[in-house]
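These numbers come from a predicted model, not from an experiment. Both backbone and side-chain heavy atoms feed into the values below; hydrogens, waters and symmetry mates do not.
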Amino acid sequence: MTHPPRVRLAAACVFAVFVLSGLTFASWASRLPTVRDELGLQPDQMGVILLVGACGSLLSLPVTGRIVAAIGSRLTVTAGAVLAALGLVGAVVGVSQGNAVGVAAGLFAAMMGIGSWDMAMNFAGTVVERSLSRSIMPWFHAGFSFGAVLGAAGGTVASSHHIGLPWHLGVALGFVVVAVLACVRGFLPDVEPPADGEAPVARTSFARTWLEPRTLLIGLIVLSAALTEGAANDWLALAVVDGFEVPNSTGALGFTVFVVAMTIMRFVGTWLLDRFGRLLVLRLCTGFAIVGLAVFGLVPNLPIALAGAVLWGFGAALGFPVGMSAASDDPRHAAARLSVVSTIGYTAFLLGPPLLGLLADHVGYRTALLAVLVPLVASLLALPAAAPRAGAAADAGDQA
């Protein structure tokens, strides 16, 4: 099936914005060992700083859906990216001045921007997905992972060559803002005008959607996947450094290994989902994550632990994007349901890792990461909720 050039351009632009989001987040996450060392922080103190940042994002998440409805995904992504860049610049200034409070304040603003940016770009992705009449959310999230690979690799190079945070993040963030401003121009309209004689679709109540059992179960799946990914983003590099007594550059390399594995799985995810279906693929990924986390946290050999990080990355890859697709099965209610599922997922993504940091102060980073196994096992019971709905399949067939 040949799609209009406008839709293909929009898909490329949304993909690029996902790449830029991953680049932004990983550029910061890969330098957390440097931030920790520059400020002389203990694990619980690092956890508090990350928790403050998480609170910023959590304040923005509940209202971002309404912001998108008011000003559109294009302006919301732009505003979120600019706020994220300004906040991270403020955090870098705080590190340079040895001011942990300034770092926390900058991270608070940055995570507000990142939260709004991520939710709005996911919404833009579902608009493209419906226009293409096929599931391509894993491809978009692969873009995020690819950007995270670039960011993590840049962090590895910057750390190993002792490039300071101001130069590293200043250049990266300047590029990101300019690129986002260019990419959002290619987004599709959030709501296509109704055809002649067709009544417009009524808006769904955001509050009522929080009471839908299937939506909440999909949220649990996304929660588990987001915590599995977020724990690695915040703590894998530090777990490698402290757990195996290796340099910061090796910690950044460990994080890069995880992100590469996750990116590979996301790029092949669309094919796997088309070939084997949502439920089998989600079960496979959850199994990978459980085994990989256990190996990473328990095996005392670094190469084997990094092999566990590969399985961990495979397992963390598809839960979030497949959850976004499942929440959007019915295009009439996609925006409200996507808002609920995203809020649940990002709550785990942002609050879970800082709490793991507080636990790590008592048991160490690698042992603390084993706590993620609990929601992973619990999510296995919720996986049937992600099965495609017959009505949604019919809608997709009508669109095609």
Side-chain angles (χ1 to χ4, degrees), residues 29 43-44 46-48 50-51 54-55 57-58 61 213-240 242-243 254-255 258 261-262 265 278-300 304-305 307-324 326 340-386:
D44 59 336
M46 280 292 294
V48 169
L50 295 176
L51 187 61
C55 289
S57 191
L58 291 176
L61 286 169
R214 179 177 182 265
T215 301
L216 295 178
L217 288 173
I218 294 172
L220 175 60
I221 297 169
V222 172
L223 180 151
S224 173
L227 180 57
T228 304
E229 179 182 351
N233 287 339
D234 282 353
W235 299 120
L236 194 151
L238 288 169
V240 170
D242 288 6
F255 177 62
F258 167 86
M262 186 168 61
M265 179 61 82
R278 284 180 188 169
L279 293 185
L280 181 59
V281 172
L282 286 176
R283 289 185 179 117
L284 178 66
C285 285
T286 304
F288 279 153
I290 291 172
V291 174
L293 260 168
V295 169
F296 180 84
L298 297 173
V299 174
I304 296 178
V310 171
L311 291 178
W312 182 1
F314 286 159
L318 296 182
F320 202 105
V322 172
M324 298 297 104
V340 171
V341 170
S342 297
T343 300
I344 294 172
Y346 283 118
T347 298
F349 185 81
L350 298 165
L351 280 183
L355 295 176
L356 288 175
L358 299 178
L359 178 61
D361 192 47
H362 300 283
V363 300
Y365 290 112
R366 292 176 67 214
T367 302
L369 286 169
L370 294 175
V372 179
L373 293 173
V374 176
L376 277 171
V377 173
S379 71
L380 287 171
L381 301 176
L383 290 183

Under the side chain to side chain contact (heavy atoms under 4.5 Å, CB included) rule, what do Leu376 and Leu227 come out as? Steps first, then yes or no, please.
CA-CA 9 Å; Leu376 277 171; Leu227 180 57; over 6 Å; no
Passes side chain to side chain contact (heavy atoms under 4.5 Å, CB included), Thr347 versus Leu58? Steps please.
CA-CA 7 Å; Thr347 298; Leu58 291 176; 3.4 Å; yes
Intermediate values then yes/no, side chain to side chain contact (heavy atoms under 4.5 Å, CB included), Leu298 and Leu370
CA-CA 9 Å; Leu298 297 173; Leu370 294 175; 3.6 Å; yes
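Rounded to the nearest 0.5 Å, atoms CG (Asp234) and CG (Leu355) are 11.0 Å apart. For the atom pair CG (Leu217) and CG (Leu381), the distance works out to 10.0 Å, reported to the nearest 0.5 Å.
The side chain to side chain donor-acceptor pair (under 3.5 Å) test applied to Thr215 returns Glu212, not counting sequence neighbours. Scored by the side chain to side chain contact (heavy atoms under 4.5 Å, CB included) test, Val291 finds Val295, Leu311 as partners (sequence neighbours excluded). In terms of the side chain to side chain contact (heavy atoms under 4.5 Å, CB included) criterion, residue partners of Leu280 (sequence neighbours excluded) are, by chain and number, Phe276. A search for side chain to side chain contact (heavy atoms under 4.5 Å, CB included) contacts involving Ala316 returns Thr228, Glu229, Phe258, Met262, not counting sequence neighbours. Residues passing the ring-ring contact (aromatic ring centres under 6.0 Å, His included) test with Phe296 are Trp312, sequence neighbours excluded. Taking the side chain to side chain contact (heavy atoms under 4.5 Å, CB included) definition, one finds that Leu282 meets it with Val322, Leu383, Ala386, sequence neighbours left out.
Considering only heavy atoms from C-beta on, Leu369 stays 4.5 Å or farther from Leu236 through its side chain. By the 4.5 Å heavy-atom criterion applied to side chains, Ile221 and Val341 are not counted as neighbours. For the pair Arg278/Leu318, no side-chain contact is recorded, criterion being any heavy-atom separation below 4.5 Å from C-beta on. Side-chain contact between Leu356 and Val372: present, with at least one pair of heavy atoms (C-beta onward) separated by less than 4.5 Å.
Of all non-hydrogen atoms in Ala226 and Gly345, the two that sit nearest each other are CB-O, 3.1 Å. Val222 and Gly323 make their closest contact through CG2-CA, 3.6 Å (heavy atoms, listed as atom of the first residue, atom of the second, distance). Nearest approach of Asn233 to Ala29, heavy atoms of both residues: O-CB, 3.4 Å. For the pair Ser224 and Pro375, the tightest heavy-atom approach, listed with the atom from each and the gap, is OG-O, 3.4 Å. Smallest separation of non-hydrogen atoms from Thr286 and Ser379: CG2-OG, 4.1 Å. Across all non-hydrogen atoms, the minimal contact from Ala305 to Val299 is CB-O, 4.3 Å.
With hydrogens and angles disregarded, no donor-acceptor distance shorter than 3.5 Å links the side chain of Ser57 to the backbone of Ala54.
A side chain to side chain donor-acceptor pair (under 3.5 Å) check over residues 358-378, counting only residues at least two apart or in different chains, returns nothing.
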